[in-house]
Amino acid sequence: MPITYRIDAQRRLIVATATGELSDEDLHAYAFAVADDPANAPDVRELFDLRGVSAVAVTADGVRQVAQTVSEIDVAGKPSKLAIVAVSAVAFGLARMYQVLRSDAPRDIQVFDDMNEALAWLGPPAAGPEAEARPS
């Protein structure tokens, strides 16, 4: 799978990394995998790194479907943050589309083209060991 993730429960942080060709199916699989992961919590912060994506096979309809799916999964009243880092114009544009579609979400979503800016926006993590990486 081109998306792997790790959940650090102590730091309340999910770090997802996408590599290779990214498709609608990959995004859906990731959304369901994270939602079903017992280490996930509603108010966890999330960093979604798209810098390693070499080809984007994600469609606008796929972004809409993922936004709808995630909106049904999100827990109201549990605010959190999602930082999406994308350097290609296509990935950045699709990430912005997702941000707009989720503008009413309980989580604050921002799109960045710089990892350091994304990390600064997410805020300093709490101390603690990281969980191991999991494929979605």
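- Formation of a donor-acceptor pair under 3.5 Å by the Glu46 side chain with backbone atoms of Ile14 is not found in this model.
- Residues Val15 and Tyr5 form no side-chain contact, since every pair of their non-hydrogen atoms from C-beta on lies 4.5 Å or further apart.
- In this structure the side chain of Asp8 never reaches within 4.5 angstrom of the side chain of Arg12, judged on heavy atoms.
- Following chains of ILVMFWY side-chain contacts shorter than 4.5 Å, one can reach Met97 starting from Tyr30, so the two form part of one hydrophobic cluster.
- By the 4.5 Å heavy-atom criterion applied to side chains, Tyr98 and Ile84 are counted as neighbours.
- Taking 4.5 Å as the limit, some side-chain heavy atom of Leu27 sits within range of a side-chain heavy atom of Val66.
- Annotation: side chain of Val85 is not in contact with side chain of Phe48 (no heavy-atom distance under 4.5 Å).
- Using a 3.5 Å distance cut-off with no hydrogens or angles, the side chains of Asp24 and Thr59 do pair a donor with an acceptor.
- A heavy-atom distance below 4.5 Å is not found between the side chains of Val53 and Thr19.
- Looking only at side-chain heavy atoms (C-beta outward), Gln110 and Gln99 come within less than 4.5 Å of each other.
- Residues passing the ring-ring contact (aromatic ring centres under 6.0 Å, His included) test with Phe112 are Trp121, sequence neighbours excluded.
- Asp26 contributes a side-chain N or O that, together with a main-chain N or O of Ser23, makes up a donor-acceptor pair within less than 3.5 Å.
- Residue pairs meeting the salt bridge (charged side-chain N to carboxylate O under 4.0 Å, His left out) criterion with at least one partner in residues 109-124, sequence neighbours excluded, are absent.
- At distances below 3.5 Å, at least one donor-acceptor pair connects side-chain atoms of Arg45 with backbone N or O atoms of Gly123.
- Residue pairs that meet the salt bridge (charged side-chain N to carboxylate O under 4.0 Å, His left out) test with at least one member in residues 88-104, sequence neighbours left out, are Asp74-Arg102.
- Put simply, the side chain of Ile109 reaches to within 4.5 Å of the side chain of Arg107, judged on heavy atoms.
- Under the 4.5 Å side-chain heavy-atom criterion for Ile, Leu, Val, Met, Phe, Trp and Tyr, Val87 and Ile3 are members of distinct hydrophobic clusters.
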